Every structure is written in C-alpha cells, then in structure tokens.
Amino acid sequence: MTSRRQFAMLLGLALCFGPLTALHAADGFVPGFEDIPLAPGLTAVPDAAMSFDSAGGRIVESVATGRVDAGSVADFYDRTLPQLGWQQADAGTYRREGEELVIEIAQSGDALTVRFALAPR
C-alpha cells in the first residue's frame with residue numbers, strides 16, 4: 001500500500017511541476033539540453049530540437065537564432081560551459097563525461113543561427 005501512495009504522490013508532483021519545468025527549460029536553456037543555457041539574444045527555434053538515446057549514448061540537436069554578434073555568442077559559451085564541467089577541445093567543441101558538444105555559429109547579415117549538436121565520443 002505504501003508504494004501505491006508514494007507513486008500517487010510522485011505522479012501528483014510530476015503533474016503539478018512538470019509544466020513549470022518545461023517552461024523554465026524553454027525560456028532559459030537550449031531545448032533538449034537540461035543544462036546548456038541560451039546565450040543572451042538567442043531564441044530557440046520551435047520544433048527544431050531532436051533527441052535520441054542509443055546504446056552508445058545520447059544524441060541531441062537543437063537550433064537557436066537571434067540578431068546578435070557571433071563573437072559575443074562564442075565568448076558566452078567559452079566562458080559559461082567550463083563552469084558547467086565542459087572542457088573546450090577546439091573552437092566550438094566541448095567535451096564532458098564521454099560526450100562531445102559542437103556549437104556551430106553562422107552569421108548571415110544581422111541574423112545569427114546557432115546549431116547545438118551533442119553525441120557520444
């Protein structure tokens with residue numbers, strides 16, 4: 001009986017707080033990544049995130065856009081990601097716990113597109 005009660009409590013909490021978690025992730029973090037913040041000025045592209053779990057690890061891709069300078073976005077991730085445990089391997093490439101995150105930044109006029117790709121290494 002206790003396990004049913006615990007299950008009901010957990011289900012209730014998930015139903016109550018699940019939407020808040022989704023909203024928080026959509027507002028401040030790259031979709032599909034629970035701990036990769038969106039750089040200031042970027043907005044996630046709706047429905048552009050893809051996530052897949054495989055035997056070798058997870059694969060996640062997402063896209064964000066904005067009217068910001070490419071250099072300021074690159075600097076933001078160079079400063080922020082090491083604080084989250086990522087080690088820079090190359091320009092735009094970071095590694096942590098058997099995963100590799102590649103951030104590709106493309107500027108076209110004043111529009112910027114940023115692609116985030118995570119894969120096992």
Side-chain angles (χ1 to χ4, degrees):
M1 191 58 131
T2 302
S3 64
R4 280 188 180 179
R5 186 174 301 168
Q6 289 172 336
F7 176 75
M9 287 175 55
L10 289 174
L11 181 60
L13 287 171
L15 291 173
C16 288
F17 294 109
L20 293 176
T21 302
L23 179 64
H24 177 70
D27 284 346
F29 293 88
V30 177
F33 297 87
E34 63 276 351
D35 67 344
I36 305 294
L38 274 171
L42 291 182
T43 303
V45 175
D47 301 324
M50 183 273 306
S51 181
F52 177 76
D53 287 325
S54 71
R58 64 186 178 139
I59 298 170
V60 182
E61 290 194 18
S62 194
V63 177
T65 60
R67 297 203 178 276
V68 294
D69 178 65
S72 65
V73 171
D75 289 344
F76 173 83
Y77 288 110
D78 287 347
R79 287 188 326 270
T80 304
L81 292 177
Q83 297 174 34
L84 300 171
W86 293 94
Q87 294 180 341
Q88 188 167 12
D90 238 337
T93 302
Y94 307 86
R95 294 184 178 142
R96 177 179 77 178
E97 299 174 8
E99 294 181 318
E100 184 171 88
L101 172 65
V102 176
I103 300 175
E104 297 174 346
I105 302 171
Q107 183 101 37
S108 177
D110 61 346
L112 188 76
T113 301
V114 183
R115 180 179 162 270
F116 302 86
L118 177 80
R121 57 174 189 120

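Residue numbers start at 1 and run along the sequence shown. Since this is a predicted model, take the numbers as computed values, not measurements.
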Value rounded to 0.5 Å, distance of [atom1] in [X] from [atom2] in [Y]:
X    : Y    : atom1 : atom2 : result
E97  : Q87  : CD    : CD    : 10.5 Å
I59  : E61  : CD1   : CD    : 8.5 Å
R121 : E100 : CZ    : CD    : 7.0 Å

Where [X] and [Y] come nearest, the two heavy atoms and their spacing:
X   : Y    : value
A70 : L112 : CB-CD1, 3.6 Å
P37 : T80  : CG-CG2, 3.8 Å
V68 : P40  : CG1-O, 3.8 Å

Same apolar cluster (I L V M F W Y, side chains within < 4.5 Å links), [X]/[Y]:
X    : Y    : result
I105 : F76  : yes
M50  : L101 : no
V45  : I36  : no
V73  : L84  : yes
L42  : F33  : yes

Going through the distances and angles, do R96 and D35 end up as a side-chain contact (heavy atoms from CB on, under 4.5 Å)? CA-CA 12 Å; R96 177 179 77 178; D35 67 344; 2.9 Å; yes

Evaluate side-chain contact (heavy atoms from CB on, under 4.5 Å) for I103 paired with L81, printing each intermediate quantity in order. CA-CA 11 Å; I103 300 175; L81 292 177; 3.8 Å; yes

Please check: side-chain N/O of [X] versus main-chain N/O of [Y], any donor-acceptor pairing under 3.5 Å?
X    : Y    : value
S62  : P31  : yes
Q107 : G109 : yes
R58  : L118 : no
D90  : T93  : no

Does R67 have any salt bridge (Lys or Arg N to Asp or Glu O under 4.0 Å) partners at least two apart in sequence or in another chain, and if so, which? D110

In sequence, state the C-alpha distance, the side-chain angles, and the governing distance for T43 and L38, and then conclude on side-chain contact (heavy atoms from CB on, under 4.5 Å). CA-CA 7 Å; T43 303; L38 274 171; 6.0 Å; no

State which residues pass ring pair (Phe, Tyr, Trp, His ring centres under 6.0 Å) with Y77; sequence neighbours excluded, sorted by chain then number. F116

Within residues 81-105 or reaching into it, pairs that qualify as ring-ring contact (aromatic ring centres under 6.0 Å, His included) - sequence neighbours excluded: none

